[in-house]
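To start, the structure itself, in structure tokens.
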Amino acid sequence: MSKFSNMLSQARRGQSGGAIGFFGSKSRPTVKPRAAALLIEFPAVNAGEAEAAIKAGANGLLFHWSGSSLDRASLATLKELSETIQSQDENAALGLRLLGNGAGIERKMLESLKEHGVHFLIVPLQAPARLLSTHLKDFDLAVTLPWHGNDPLYPLVVRNLSAFEGISALHFDGRELPLERLSIEEALGYRAIREALRLPALMSLASLTNEAAAYGLLALGIQAVIVPASENIATTTQRIQELREWLEKAHQEEEKELPPPTVPQPSLSTSFEEEEEP
């Protein structure tokens, strides 16, 4: 299982506390299961803020990438940061989100990103289709899908993406989506796209501010949420803690077992009446 896939699944399982590192040199806090993995998005690589995000409870990191070749210093920084966050959380994943069309991206560039600790890449529909045919072990590609809620044929169009085996996940932009007021019709639209491909889904959010929004997210069946970092570490840390609480609470509600359905038994008088009929 790739680091990206493991991050998504581990978030729903949680992890017990204990010692990590050589001879138990570091202690790992207990992490409760969540309804979805939590990723923090940064416009640029900032090692200090990124490490603080993982310590605060984020499951992964996401940085913007223009699609141009990175210099040695930038690659070395990514490599060091990837190793650092995994020393804090062995399931943490590091990814990039392509901002341009990626016309100049070559296989060697992706191989270099992987070698320097990048685990997944999010690309738009405008990216070259050849990227989806570039199969790299333990390196995942997610495709950003626009939302066409008024087009009932859109899920059928999306289904054609199944022709490309290189897609590991879907990415939706939910920053304008009012999760706390999400209608059943809107939820069905998202789920129709999910069923068309049956892939894990990530959703970018402006924030997750209340319990109702967390339940709305739960209705969509999203495996990971992406939230932008704030302007300073303190605010980002506080936001992560709040998001973590909502996601944990939503998962607890999801895991509650409902009582088994009961079937009413016919009354004795009804049984006798049925037996007396010729």
Side-chain angles (χ1 to χ4, degrees), residues 2-18 20-21 26-65 77-97 117-122 140 142 169 171-175 179 200-209 213-214 217-218 222-252:
S2 67
K3 181 67 68 173
F4 174 74
S5 300
N6 193 51
M7 176 194 67
L8 297 181
S9 60
Q10 186 63 37
R12 296 186 63 85
R13 294 196 300 264
Q15 62 185 22
S16 59
I20 58 176
K26 297 181 180 180
S27 61
R28 178 177 58 194
T30 300
V31 178
K32 296 180 180 179
R34 306 172 185 179
L38 174 59
L39 283 78
I40 303 301
E41 183 172 14
F42 295 87
V45 178
N46 185 309
E49 293 185 1
E51 293 175 26
I54 296 297
K55 289 180 180 179
N59 298 106
L61 305 173
L62 187 65
F63 300 102
H64 295 174
W65 182 42
T77 300
L78 283 174
K79 178 68 172 179
E80 182 179 358
L81 177 58
S82 182
E83 294 174 349
T84 299
I85 65 173
Q86 288 180 71
S87 68
Q88 300 172 8
D89 181 357
E90 60 186 359
N91 299 303
L94 187 153
L96 301 178
R97 183 160 72 90
V118 177
H119 305 114
F120 66 98
L121 174 65
I122 300 178
D140 294 278
H171 172 243
F172 297 105
D173 187 349
R175 289 175 294 180
L179 287 173
L202 299 79
M203 178 170 282
S204 293
L205 301 176
S207 187
L208 193 68
T209 57
L217 181 70
L218 198 63
I222 301 298
Q223 276 67 46
V225 295
I226 302 171
V227 178
S230 301
E231 296 181 356
N232 57 74
I233 297 178
T235 305
T236 299
T237 300
Q238 181 179 0
R239 174 177 293 182
I240 292 173
Q241 293 173 347
E242 293 174 350
L243 291 168
R244 185 181 63 192
E245 291 177 1
W246 292 127
L247 292 173
E248 290 173 355
K249 186 171 184 179
H251 179 79
Q252 292 174 2

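Quantities reported herein were computed from a predicted structural model and do not represent experimental measurements. Scope of the values below: all heavy atoms of this structure, side chains included, with no hydrogens, waters or symmetry mates.
- Rounded to the nearest 0.5 angstrom, Thr77 OG1 and Lys79 NZ are separated by 13.0 Å.
- For the residue pair Ala224 and Leu39, the shortest heavy atom distance occurs at CB-CD1, 3.8 Å.
- The two residues Val118 and Gly95 make their nearest non-hydrogen contact at CG1-CA, 4.3 Å.
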Report the C-alpha separation of Thr236 and Glu49 in whole Å, then their side-chain angles, then the decisive distance to 0.1 Å, and conclude whether the side-chain contact (heavy atoms from CB on, under 4.5 Å) test is met.
CA-CA 8 Å; Thr236 299; Glu49 293 185 1; 5.6 Å; no
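- By the 4.0 Å N-to-carboxylate-O rule, Lys249 lies too far from Glu245 to be salt-bridged with it.
- Counting only N and O atoms by type, the side chains of Thr84 and Glu80 include no donor and acceptor under 3.5 Å apart.
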Should Val225 and Trp246 be marked as a side-chain contact (heavy atoms from CB on, under 4.5 Å) after you check the CA-CA gap, both sets of side-chain angles, and the distance that decides it?
CA-CA 12 Å; Val225 295; Trp246 292 127; over 6 Å; no
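- Atom CZ of Phe4 and atom NE2 of His119 lie 11.5 Å apart (nearest 0.5 Å).
- Rounding to the nearest 0.5 Å gives a distance of 12.5 Å between CZ of Phe120 and NZ of Lys3.
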Stepwise, does the salt bridge (charged side-chain N to carboxylate O under 4.0 Å, His left out) test hold for Glu51 with Lys55?
CA-CA 6 Å; Glu51 293 175 26; Lys55 289 180 180 179; 5.1 Å; no
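- The side-chain contact (heavy atoms from CB on, under 4.5 Å) test with Ile40 singles out one residue from Ile226, Leu62, Asn59, Ile240, and that residue is Ile240.
- Taking both residues in full, the closest heavy atoms of Gly117 and Ser82 are given as O-OG, 3.0 Å, listed atom of the first, atom of the second, then distance.
- Rounded to the nearest 0.5 Å, atoms CD1 (Ile54) and CG (Asp89) are 6.5 Å apart.
- Between the side chains of His171 and Ser204, a donor-acceptor pair is found at a separation under 3.5 Å.
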Working for side-chain contact (heavy atoms from CB on, under 4.5 Å), residues Trp65 and Arg97
CA-CA 6 Å; Trp65 182 42; Arg97 183 160 72 90; over 6 Å; no
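- Panel note: side chain Thr235, backbone Asn232; no donor-acceptor pair is recorded below 3.5 Å.
- Checking Ser2 against Ser5 by side-chain atom types alone, a donor-acceptor pair falls below 3.5 Å.
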Given Leu61 and Ile85, is the side-chain contact (heavy atoms from CB on, under 4.5 Å) satisfied, shown in steps?
CA-CA 9 Å; Leu61 305 173; Ile85 65 173; 3.9 Å; yes
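- For the residue pair Leu247 and Ala36, the shortest heavy atom distance occurs at CD1-O, 3.6 Å.
- Between Leu205 and Arg175, the shortest heavy-atom distance links the atoms C-CG, 3.8 Å.
- Counting only heavy atoms from C-beta outward, the side chains of Leu96 and Ile122 never approach each other to under 4.5 Å.
- The environment of CD in Gln241 is crowded: more than 12 heavy-atom neighbours from other residues, nucleotides or ligands sit within 6.0 Å.
- Heavy atoms only, all atoms of each residue included: Met7 and Gly60 are closest at SD-CA, 3.9 Å.
- Interatomic distance, Asp140 CG to Leu121 CG, rounded to the nearest 0.5 Å: 10.0 Å.
- Residue Lys32 holds its NZ atom at 5.5 Å from CD of Glu248, rounded to the nearest 0.5 Å.
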